[in-house]
K.L.:
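Please find one structure pasted underneath; my questions will follow.
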Amino acid sequence: MNLSILIPLLNEEESLKELYTWIIKVMQSNNYTYEIIFLDDGSTDDSWAIIEEFANENPHVKGVRFMKNFGKSQALHAGFAKAKGDVIITMDADLQDSPEEIPGLYEMIVNGKFDLVSGWKKKRYDSVVAKNLPSKLFNWAARKTSGVELNDFNCGLKAYKNVVVKNIEVSGEMHRYIPVLAKNAGFGKIGEKVVQHQARKYGETKFGMERFINGFLDLITIWFLSRFGKRPMHLFGAMGSLMFIIGFLLAGYIGVSKLYHMYNNMHYNLVTSNPWFYIALTTMVLGTQLFLAGFLGEIILRTKNNEERYKVSSEVNFL
């Protein structure tokens with residue numbers, strides 16, 4: 001199978017029929033073998049009923065429906081697990097991603113030998129203040145932190161080799177950073193393609209300004225996980241040991257200083273009257289806590305179970 005097209009969605013009943021017709025037209029004009037997997041992230045409108053109609057008339061259309069809204073990352077995780085195509089395309093259901101871009105992305109993966117190709121919406125039709133400027137700042141920070149040179153991490157239109165999606169773990173709200181996850185998994189050939197951005201035709205965006213705040217927090221998380229996710233003791237243990245040693249030496253200096261003054265019949269103050277004593281004590285306590293945090297992190301990594309992160313209520317056309 002040439003293509004698996006994954007479409008995560010939430011309450012997009014108005015755009016689904018137009019999107020479906022458009023994708024089918026592109027598939028037929030290029031003679032692709034394909035599957036379209038709609039990933040309904042707990043829609044409360046008629047989105048799932050429409051998806052079932054598509055599946056009944058076209059065996060290449062498949063669907064997964066969550067019991068409630070678990071988030072885009074969980075929807076993509078479910079889709080990646082189901083996808084069988086040599087190339088996987090992800091795109092949003094709001095018609096802002098053009099299916100006409102699919103052949104170009106497919107060619108870059110197959111002939112360009114890229115592991116992953118991310119769309120770049122160079123010309124956008126979003127609000128400059130509410131979306132464009134925060135997005136530029138967000139992408140700049142993501143490039144500097146991750147080392148992945150992409151201009152548009154947030155673009156939902158991406159193409160992947162099948163082997164890539166089978167070897168990355170998308171959780172939380174990490175869908176923005178799939179290229180970083182791919183790089184950390186060893187897939188270094190990551191490309192970018194300028195794609196057409198279309199003005200939203202129906203409904204409203206499901207993401208507000210808080211997505212940028214969450215995005216920066218997720219960026220810190222993914223940086224930490226990529227550096228210390230499998231060895232938390234290397235960070236917390238090192239910091240804790242350093243702080244404890246500093247506090248211990250400082251406390252030792254205070255004690256030796258008092259004994260010296262006592263031995264030479266010099267004036268001295270009580271240890272508890274010295275503010276450095278409390279600084280030393282606090283440093284040792286914090287150092288001990290950090291060391292224990294690293295130790296507990298190591299234990300958790302060795303004993304954790306992979307719990308189910310979402311619940312599926314319905315599926316169609318999956319054998």
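In what follows, residues are counted from 1 in the order of the sequence shown.
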K.L.:
Which residues pass the side-chain contact (heavy atoms from CB on, under 4.5 Å) test with N264, not counting sequence neighbours?
P.N.:
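In terms of side-chain contact (heavy atoms from CB on, under 4.5 Å), with neighbours along the sequence ignored, N264 is linked to Y260, M266.
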K.L.:
Calculate, to the nearest 0.5 Å, the distance between atoms CD and CG belonging to E149 and N151 respectively.
P.N.:
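Separation between the atoms: 8.5 Å.
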K.L.:
Using modelled atom types only, decide if a donor and an acceptor are shared between the side chain of S47 and the backbone of S43 within a distance under 3.5 Å.
P.N.:
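No; zero donor-acceptor contacts below 3.5 Å.
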K.L.:
Remaining members of V194's ILVMFWY cluster at a side-chain heavy-atom cut-off under 4.5 Å?
P.N.:
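ILVMFWY cluster around V194 also holds W120.
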K.L.:
Quick one: do L3 and I102 satisfy side-chain contact (heavy atoms from CB on, under 4.5 Å)? Show the steps, please.
P.N.:
CA-CA 9 Å; L3 283 165; I102 292 175; 3.8 Å; yes
K.L.:
Spell out, as yes or no, whether a donor-acceptor pair under 3.5 Å connects the side chain of D46 to the backbone of A49.
P.N.:
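Flag not set: sc D46 to bb A49 has no pair under 3.5 Å.
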K.L.:
What do you reckon, are the aromatic ring centroids of Y160 and F187 less than 6.0 Å apart?
P.N.:
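Judged by ring-centre distance (under 6.0 Å), Y160 and F187 do not meet the cut-off.
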K.L.:
Considering all heavy atoms of both residues, which atom of L76 and which atom of P8 are nearest to each other, and what is their separation?
P.N.:
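In terms of heavy atoms, the two residues are closest at CD2-CG, 4.0 Å.
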K.L.:
I'd like to know whether CZ of F318 has more than 12 heavy-atom contacts from other residues, nucleotides or ligands below 6.0 angstrom.
P.N.:
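Yes, enclosed.
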K.L.:
Counting N and O atoms only, with roles assigned by atom type, does the side chain of S29 sit under 3.5 Å from a partner on the main chain of K25, one being a donor and the other an acceptor?
P.N.:
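A pair under 3.5 Å: yes.
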K.L.:
Would you say the side-chain atoms of S15 pair up with the backbone N or O of A93, donor to acceptor, closer than 3.5 Å?
P.N.:
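At least one qualifying donor-acceptor pair exists.
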K.L.:
Aromatic ring centroids of F244 and F291 under 6.0 Å?
P.N.:
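Not under 6.0 Å, so no.
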K.L.:
Are L292 and M243 joined in one hydrophobic group, where the rule is that I, L, V, M, F, W and Y side chains link up if heavy atoms are under 4.5 Å apart?
P.N.:
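No, L292 does not connect to M243 through the hydrophobic network.
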K.L.:
Distance under 6.0 Å and angle within 45° of the ring axis: does K68 meet both against F70?
P.N.:
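Yes, K68 and F70 form such a contact.
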K.L.:
Tell me whether L95 is reachable from I24 by hopping between hydrophobic residues (I, L, V, M, F, W, Y) whose side-chain heavy atoms are closer than 4.5 Å.
P.N.:
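As far as the 4.5 Å side-chain criterion goes, L95 and I24 are connected within one cluster.
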K.L.:
When you look at CZ of F295, are more than 12 heavy atoms from neighbouring residues, nucleotides or ligands closer to it than 6.0 Å?
P.N.:
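Check fails, neighbour count at 12 or below.
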K.L.:
Give a yes or no on this: more than 12 heavy atoms of other residues, nucleotides or ligands lie within 6.0 Å of atom NZ of K84.
P.N.:
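At most 12 heavy atoms, drawn from other residues, nucleotides or ligands, come within 6.0 Å of this atom.
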K.L.:
Can any side-chain N or O of D41 pair as donor or acceptor with the backbone N or O of A75 at less than 3.5 Å?
P.N.:
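It does not hold such a pair.
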K.L.:
Taking D92 for its side chain and D94 for its backbone only, find out whether a donor-acceptor pair lies under 3.5 Å.
P.N.:
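Answer holds: no.
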K.L.:
Let me see the working for Y177 and V170 under side-chain contact (heavy atoms from CB on, under 4.5 Å), right down to the final yes or no.
P.N.:
CA-CA 9 Å; Y177 301 112; V170 187; over 6 Å; no
K.L.:
Applying side-chain contact (heavy atoms from CB on, under 4.5 Å) to L9 and L39, what does each step give before you reach the verdict?
P.N.:
CA-CA 6 Å; L9 62 108; L39 304 160; 5.9 Å; no
K.L.:
For residues I190 and P179, report the shortest heavy-atom separation together with the two atoms involved.
P.N.:
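Answer, listing the atom of I190 first, then P179: CD1-O, 3.4 Å.
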K.L.:
The criterion is salt bridge (Lys or Arg N to Asp or Glu O under 4.0 Å); which residues satisfy it with E315, sequence neighbours excluded?
P.N.:
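Residues passing salt bridge (Lys or Arg N to Asp or Glu O under 4.0 Å) with E315: K82.
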K.L.:
Please say yes or no: joined through hydrophobic side-chain contacts below 4.5 Å, possibly via intermediate residues, are V163 and F80 part of one cluster?
P.N.:
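Yes.
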K.L.:
Are V26 and I5 connected, step by step, through hydrophobic side chains (Ile, Leu, Val, Met, Phe, Trp, Tyr) whose heavy atoms are closer than 4.5 Å?
P.N.:
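Yes, same cluster.
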K.L.:
Can you check whether G85's main-chain N or O pairs, donor with acceptor, with N162's side chain at less than 3.5 Å?
P.N.:
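Judged by distance alone, yes, a pair lies under 3.5 Å.
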K.L.:
Answer yes or no: is there an ion pair linking K158 with D97, defined by an N-O contact shorter than 4.0 Å?
P.N.:
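Salt bridge: no.
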K.L.:
What heavy-atom pair brings P103 and Y32 nearest, and what distance separates the two atoms?
P.N.:
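Here P103 and Y32 meet closest at CA-OH, 3.3 Å.
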K.L.:
Please find the pair of heavy atoms, one from M108 and one from E192, that lie closest to each other, and give the distance.
P.N.:
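For M108 versus E192, the nearest heavy atoms are CE-O, 3.9 Å.
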K.L.:
Just by modelled atom types, is the W276 backbone N or O under 3.5 Å from a matching donor or acceptor in the N274 side chain?
P.N.:
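Looks like yes, one N/O pair under 3.5 Å.
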K.L.:
Donor-acceptor pair, S4 side chain versus E35 backbone, under 3.5 Å?
P.N.:
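The answer is no, because no donor-acceptor pair under 3.5 Å joins these two groups.
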K.L.:
Just checking M67: does its CE atom have more than 12 heavy atoms from other residues, nucleotides or ligands closer to it than 6.0 angstrom?
P.N.:
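Not buried by this count: 12 neighbours or fewer within 6.0 Å.
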K.L.:
For Y106, which residues count as a side-chain hydrogen bond (donor to acceptor under 3.5 Å, both in side chains) partner, sequence neighbours excluded?
P.N.:
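Only N2 meet the side-chain hydrogen bond (donor to acceptor under 3.5 Å, both in side chains) criterion with Y106.
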K.L.:
For residues 111-118, please give each side-chain donor-acceptor pair under 3.5 Å, one per line with the distance, not counting sequence neighbours.
P.N.:
unit_1 : atom_1 : unit_2 : atom_2 : d
N111   : ND2    : E107   : OE1    : 2.2
D115   : OD2    : K189   : N      : 3.2

K.L.:
Main chain of V61, side chain of N317: is a donor-acceptor contact present, judged purely on distance under 3.5 Å?
P.N.:
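It does hold such a pair.
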K.L.:
Please answer: with hydrophobic residues joined when any side-chain heavy atoms are less than 4.5 Å apart, are M239 and I245 in the same cluster?
P.N.:
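No; I245 is not reachable from M239 via cluster members.
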K.L.:
With salt bridge (Lys or Arg N to Asp or Glu O under 4.0 Å) as the rule and sequence neighbours excluded, what pairs involving residues 47-60 come up?
P.N.:
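As it turns out, there is no salt bridge (Lys or Arg N to Asp or Glu O under 4.0 Å) pair with a partner in residues 47-60 once direct neighbours are skipped.
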